[in-house]
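Heads up, the thing below is written out as structure tokens.
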Amino acid sequence: MSIFTLKCIALYLMVLDHIGFYFDGVLPAGLTSVLRILGRSSYPLFLFCMTQGYRHTRSRKKYLLRLYFGNLFMTGFMIFVERYFPTDGFGYGFHNIFLSMFLTGVLISTIETFPQDKKKGLIMAGCLFVLQLLFRMAPGLLPVLRNYNGDIITGIFPNLVLNEYGLLFIILGIAMYFLHDKKDTLAIVYLLFCIAQYSDEWLNGEGGFPTQWFMVLALPFILRYNGERGKSFKYFFYIFYPAHTFLLFYLANFVWG
């Protein structure tokens, strides 16, 4: 399977996941559960595609800038939707995988740079640390940010822990990158990660049935990656991501809600 094919599968699963997310309480409970379970494979597939795209891109700086500006747009878009389309329920929610992918790329570059140029690697690691400090200090430095929660602040000053899917998935992305030519090892690491997700949800969840571990269903697709890029729709996802989430949010809350 090419990157294009994997992205198409991930896109389809993402839409199913967000239908289940926004129409919870509108659709039958069993159906929304199935949709959310199927959707657990979407982000791991997108993450895998990002790591392979990052490996082959001609300009990593431009790649990271696209992800960071995509993150800034989503941050501003969330503020816009919450302000002009208020709801009594959960609202639009937090949707910003661009941020998580951006941090994954930054850490990959930092890890690769250090053995070749320790000084530059330390500077890159230091910049990451400064970002964590700025996230903490931001409300004091910029009083306007006191009106916003951490999900918004992290869109400006990326935090390694407070981002969609969190630090563990960033580590998973790093593993995907460095184990790209060791499929057996990648499969074991991925399976262990899914088992850990299952245990974590049982121990720290809110009492519901664990679902994130169903991301294991993405593994067969990942292992079928053939190293080809396939067709390229570079900016399609950047447009489709906010467009489809807003459409589903609007339909669920203002049409059928």
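In this text, all values refer to a predicted model and were calculated from it rather than measured experimentally.
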- Item | More than 12 heavy atoms of other groups within 6.0 Å of K182 NZ | no

Correct closest heavy-atom pair for F249 and V81 would be CE2-CG1, 3.5 Å

Within the 4.5 Å heavy-atom criterion, are K183 and L223 side-chain neighbours or not?
yes

One should read off an interatomic distance between M50 CE and I3 CD1, to the nearest 0.5 angstrom, of 11.0 Å

*Is the side chain of Q132 donor-acceptor paired with the backbone N or O of L128 at a distance under 3.5 Å, no angle test?*
yes

When you measure from the side chain of N163 to the backbone N and O of L160, does any donor-acceptor pair fall under 3.5 Å? yes

Exercise for review: Would you sort out whether Q197 and L168 count as a side chain to side chain contact (heavy atoms under 4.5 Å, CB included), showing the intermediate values?
Suggested key: CA-CA 10 Å; Q197 289 292 309; L168 286 179; 4.1 Å; yes

Residues at least two apart in sequence or cross-chain that pass salt bridge (Lys or Arg N to Asp or Glu O under 4.0 Å) with R136, listed by chain then number, are none

Under a side-chain separation threshold of 4.5 Å, the hydrophobic residues clustered together with L122 are F114

Students should find that the hydrophobic cluster of I239, defined by side-chain heavy atoms under 4.5 Å apart, otherwise consists of none

Taken in chain and number order and not counting sequence neighbours, the residues that satisfy ring-ring contact (aromatic ring centres under 6.0 Å, His included) with F80 are Y84

### Message
More than 12 heavy atoms of other residues, nucleotides or ligands under 6.0 Å from CG of D184: yes or no?
### Response
no

Apply the test side chain to side chain contact (heavy atoms under 4.5 Å, CB included) to residues I9 and M1: give CA-CA distance (whole Å), side-chain angles for both, the deciding distance (0.1 Å), then the verdict. CA-CA 10 Å; I9 295 171; M1 289 185 174; 4.0 Å; yes

Residues at least two apart in sequence or cross-chain that pass ring-ring contact (aromatic ring centres under 6.0 Å, His included) with F98, listed by chain then number, are F237, Y238, Y241

- Message: Under a 3.5 Å distance rule, please check whether Q212 uses its side chain to pair with a backbone N or O of I37 as donor and acceptor.
- Response: no

Scanning both residues in full, the closest heavy-atom pair of L103 with P158 reads CD2-CB, 3.7 Å

### Query
Is there a donor-acceptor pair under 3.5 Å between the side chain of H18 and the backbone N or O of V15?
no

Under a single-linkage definition using a 4.5 Å side-chain heavy-atom cutoff for Ile, Leu, Val, Met, Phe, Trp and Tyr, are L31 and F23 assigned to the same hydrophobic cluster?
-> yes

> Is the shortest heavy-atom distance from the side chain of F214 to the side chain of L38 under 4.5 Å?
Replying inline: no

Return yes if some donor-acceptor pair links the side-chain N/O of T57 with the main-chain N/O of G53 below 3.5 Å, else return no. no

Heavy-atom nearest pair, A175 first then V189, reads CB-CG1, 4.2 Å

So side-chain hydrogen bond (donor to acceptor under 3.5 Å, both in side chains) across residues 20-32, not counting sequence neighbours, yields Y22-H95

Examine distances only and state if a side-chain atom of W256 and a backbone atom of N253 form a donor-acceptor pair shorter than 3.5 Å. no

Taken to the nearest 0.5 Å, the spacing of N71 CG from R66 CZ works out to 14.5 Å

Across all chains, not counting sequence neighbours, the side-chain hydrogen bond (donor to acceptor under 3.5 Å, both in side chains) partners of Y68 are none

| field | Side-chain touch I222/M176, heavy atoms, less than 4.5 angstrom | value | yes

- Query: Taking the side chain as C-beta and beyond, is there a heavy-atom pair between L134 and V130 under 4.5 Å?
  - Reply: yes

- Step-by-step side chain to side chain contact (heavy atoms under 4.5 Å, CB included) determination, F46 to L11: CA-CA 8 Å; F46 276 125; L11 197 74; 4.1 Å; yes

* Taking atom CG of N147 as the centre, does the number of heavy atoms from other residues, nucleotides or ligands within less than 6.0 Å exceed 12? -> yes

All heavy atoms of L45 vs all of A10, minimum pair found to be CB-CB, 3.7 Å

Between the CD1 atom in I108 and the CZ atom in R55, the distance rounded to the nearest 0.5 Å is 8.0 Å

Residue set satisfying ring-ring contact (aromatic ring centres under 6.0 Å, His included) with F236, at least two apart, ordered chain then number -> F240

Worksheet item: Would you say N96 and L99 make side-chain contact, with heavy atoms under 4.5 Å?
Response: yes

Taken to the nearest 0.5 Å, the spacing of C8 SG from K231 NZ works out to 8.5 Å

Exercise. Can you list the steps and then say if D17 with R40 is a side chain to side chain contact (heavy atoms under 4.5 Å, CB included)?
Worked result: CA-CA 7 Å; D17 182 43; R40 297 307 87 209; 2.6 Å; yes

ring-ring contact (aromatic ring centres under 6.0 Å, His included) pairs touching residues 127-150, sequence neighbours excluded, are none

key: S42-Y12 side chain donor-acceptor pair, cut-off 3.5 Å   = no

>> Same cluster or not: Y165 versus L192, using hydrophobic residues (I, L, V, M, F, W, Y) connected whenever any side-chain heavy atoms lie under 4.5 Å apart?
In response: no

Side-chain polar contacts of residues 139-146 - donor-acceptor pairs under 3.5 angstrom, sequence neighbours left out - could you list them?
{"from": "R146", "atom 1": "NE", "to": "P139", "atom 2": "O", "distance (Å)": "2.9"}

Query raised in the report: Can you find a heavy atom in the side chain of F169 that is under 4.5 Å from one in the side chain of S100?
Result: no

Taking every heavy atom of P115 against every heavy atom of I111, the minimum-distance pair comes out as CD-O, 3.1 Å

| request: Would you check if there is a donor-acceptor pair between the side chains of T110 and T113 at a distance under 3.5 Å? | output: no

Determine whether W213 and I195 make a side-chain contact, defined as any pair of heavy atoms from C-beta on separated by less than 4.5 Å. no

Same hydrophobic cluster for V255 and L27, using side-chain heavy-atom links shorter than 4.5 Å among ILVMFWY? yes

Decide whether Y190 and I171 are clustered together by the hydrophobic rule: side chain heavy atoms of Ile, Leu, Val, Met, Phe, Trp, Tyr closer than 4.5 Å, transitively. yes

Sorted by chain and number, sequence neighbours left out, salt bridge (Lys or Arg N to Asp or Glu O under 4.0 Å) with E112 holds for R60

Sequence neighbours excluded, the answer for ring-ring contact (aromatic ring centres under 6.0 Å, His included) partners of F4 is F233

Output for pair (M101 CE, I170 CD1), nearest 0.5 Å, gives 11.5 Å

In this structure, CG of L179 is separated from OG1 of T51 (nearest 0.5 Å) by 10.0 Å

inquiry  = Please tell me whether H56 and R229 have a donor and an acceptor in their side chains that are separated by less than 3.5 angstrom.
reply    = no

Closest non-hydrogen atoms of L13 and S41, given as atom of the first, atom of the second and distance, are CD1-CB, 3.8 Å

Hphob cluster co-occupancy, Y54 + M124, side-chain heavy atoms under 4.5 angstrom
no

Do the side chains of D151 and M78 get nearer than 4.5 Å, heavy atoms only? no

More than 12 heavy atoms of other residues, nucleotides or ligands under 6.0 Å from CZ of F77: is that the case? yes

Do side-chain atoms of T154 reach the backbone of N159 as a donor and acceptor pair under 3.5 angstrom? yes

query = Would F85 and Y92 count as a close aromatic pair, with their ring centres under 6.0 Å?
reply = no

